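Inspection log for the structure reproduced underneath, given as structure tokens.
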2 protein chains.
Amino acid sequence: MTAARSRDRATWGTVREELRARGMRWTPQRRQILQVLAATDGHITGSELLERCRKLDPATTPSTVYRTLDVLEELGVIRHSHGLDGREEFHVQPVAEHGHLVCSSCGASREIDAAQAAPIARAFRRTHDFDIFLDHLTLAGRCAACRAAQAG
Amino acid sequence: MTAARSRDRATWGTVREELRARGMRWTPQRRQILQVLAATDGHITGSELLERCRKLDPATTPSTVYRTLDVLEELGVIRHSHGLDGREEFHVQPVAEHGHLVCSSCGASREIDAAQAAPIARAFRRTHDFDIFLDHLTLAGRCAACRAAQAG
DNA sequence: CGCCTTACTGCAACTCGTCGCAGTTGCATC
DNA sequence: GATGCAACTGCGACGAGTTGCAGTAAGGCG
């Protein structure tokens, strides 16, 4: 089991209190989902999470997993963006707002951090009077390697 | 029936020849799907298209509609991007590469044209060595009106 | 410790979209 | 106009994700 680099243990521990503070409940199912998320680095889709939960407990049901993801997103514990196919991908680390750059050819993915995106966000604010949510952003394109491979 | 401003009639008419040129066939089902698309301005999802086709012919089946959309995209007749929920949205007008700006609060949508996006594309080319496909781009955010309404 | 409220779970049914397969039919050729 | 190939259609089953509902259980309170 690779250790969770995403959030440190203490931070995951606060989820229980955050739930309680909102009148929500700490259940075995939620505890298990959190456990799987804590062991996840980077991104995970709903169905991947469901699958991993089922390895620990085959009785896990889809609706509970998807509803828990919604709750955790409301708490700010996770966030989602969309992959190239439009599928939701959840980020386990809300450490910093960031977007994604995904290559349509090879599927390689890189992050865009807030600093890099700032000039772009400013541009849209100025030209379109529009605030961009970087978190939700996935840009499709072609990476350098695929460009070289395809077009010489 | 609002006239199709998207492509002029002549352009739609070439689809049949484009299909034939690739060894593909002109079928009543495809003819009807094209007819519905020709009467569509802007964007449409697969299920919306299916629904409209069923109004003309209740026997229309999902697989034919979705497969035809793929074919038409291959021909360059339509293109898709993803809405905020990740659902595919097809653009009927391939007149110009463009992206979208969608407000998470009110759903309002604006287009980003190639000229506006050019500096951004250049930036990613330079900093990440990555070519962005503007067509596929949908930026989530908050429009001026919603910002004003929510945050004074 | 037991009660009570209500958030939560699990089920079943549903939507959207995809895929393999068998039967159909466009269309090129004779 | 008939023939034959293979692209296409429609079917049925499936996977991902959502929702309403009835039953379960978290956890606050006495």
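The basis for the numbers below is simple: all heavy atoms, side chains too, and nothing from hydrogens, waters or symmetry mates. Since the structure is predicted, the reported quantities are computational estimates derived from the model, not experimental observations. Chain letters run A, B, ... following the sequence lines, proteins first, then strands; residues in each count from 1.
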Original post:
Where along nucleotides 21-30 of chain C does protein come under 4.0 Å, by heavy atom, of base (B) or sugar-phosphate alone (S), with - for untouched nucleotides?
Top reply: ----BBSS--
Original post:
Does B:Y66 have a side-chain nitrogen or oxygen under 4.0 Å from the phosphate oxygens OP1 or OP2 of C:dG17?
Top reply: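 Looking at the OP1 and OP2 atoms of C:dG17, one of them is under 4.0 Å from a side-chain N or O of B:Y66.
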Subject >> Aromatic plane relationship, A:H98 with A:H91 - under 30° parallel, 30 to 60° tilted, over 60° perpendicular >> reply: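 It falls in the tilted class, 30° to 60°.
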Original post:
Would you find a donor on one side and an acceptor on the other, under 3.5 Å apart, between the side chain of A:T40 and the backbone of A:V36?
Top reply: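 Pair found, side chain donor or acceptor close to backbone of A:V36.
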**OP:** Would you confirm whether B:E73, through its side chain, and B:H80, through its main-chain N or O, come within 3.5 Å as a donor-acceptor pair?
**Re:**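 Pair found, side chain donor or acceptor close to backbone of B:H80.
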Tell me: [atom1] of [X] to [atom2] of [N], nearest whole Å?
X	N	atom1	atom2	answer
B:H82	C:dC16	NE2	P	17 Å
B:L72	D:dC8	CG	P	11 Å
A:R30	D:dA25	CZ	P	15 Å
B:D85	C:dG17	CG	C1'	13 Å
B:Q32	D:dG10	CD	P	10 Å
A:I33	C:dC8	CD1	C1'	11 Å
B:L75	D:dA7	CG	P	15 Å
A:R87	D:dG17	CZ	C1'	10 Å

**OP:** Flag yes if A:L34 and A:V71 sit in one hydrophobic cluster, no otherwise; membership is Ile, Leu, Val, Met, Phe, Trp, Tyr, and two members link when side-chain heavy atoms are under 4.5 Å apart.
**Re:**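 Yes.
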**OP:** Output all residues satisfying salt bridge (charged side-chain N to carboxylate O under 4.0 Å, His left out) with B:R25, sequence neighbours left out; order by chain, then residue number.
**Re:** none
**OP:** Enumerate the residues from residues 45-60 of chain A whose closest heavy atom to DNA chain C is under 4.0 Å, giving them by residue number; use none for an empty result.
**Re:** none
**OP:** Report yes if a donor N or O on one partner sits less than 3.5 Å from an acceptor N or O on the other, where the partners are the side chain of A:S63 and the base of C:dC11; otherwise report no.
**Re:**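 By the distance-only test, yes, there is a pair.
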**OP:** Kindly state each residue pair satisfying salt bridge (Lys or Arg N to Asp or Glu O under 4.0 Å) with at least one member in residues 113-132 of chain B, sequence neighbours excluded.
**Re:**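 Every salt bridge (Lys or Arg N to Asp or Glu O under 4.0 Å) pair that includes a residue of residues 113-132 of chain B, provided the two are not neighbours, is A:R142-B:D131, A:R147-B:D129, A:R147-B:D131, B:R125-B:D131.
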Original post:
DNA chain D: B:G23 or B:T64, which has the more 5' nearest nucleotide?
Top reply: B:G23
Original post:
Who passes ring pair (Phe, Tyr, Trp, His ring centres under 6.0 Å) against A:H128, sequence neighbours left out?
Top reply: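 A:H128 satisfies ring pair (Phe, Tyr, Trp, His ring centres under 6.0 Å) with A:F124 once adjacent residues are dropped.
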Subject >> Nearest-nucleotide 5' precedence on DNA chain C, B:D70 against A:Q29 >> reply: A:Q29
Original post:
Would you find more than 12 non-hydrogen atoms of other residues, nucleotides or ligands less than 6.0 Å from B:R54 atom CZ?
Top reply: yes
**OP:** Could you identify which residues cluster with B:L84, counting Ile, Leu, Val, Met, Phe, Trp and Tyr as linked when any side-chain heavy atoms lie under 4.5 Å apart, either directly or through a chain of such contacts?
**Re:**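 Once heavy-atom contacts under 4.5 Å are chained together, B:L84 belongs with B:V102.
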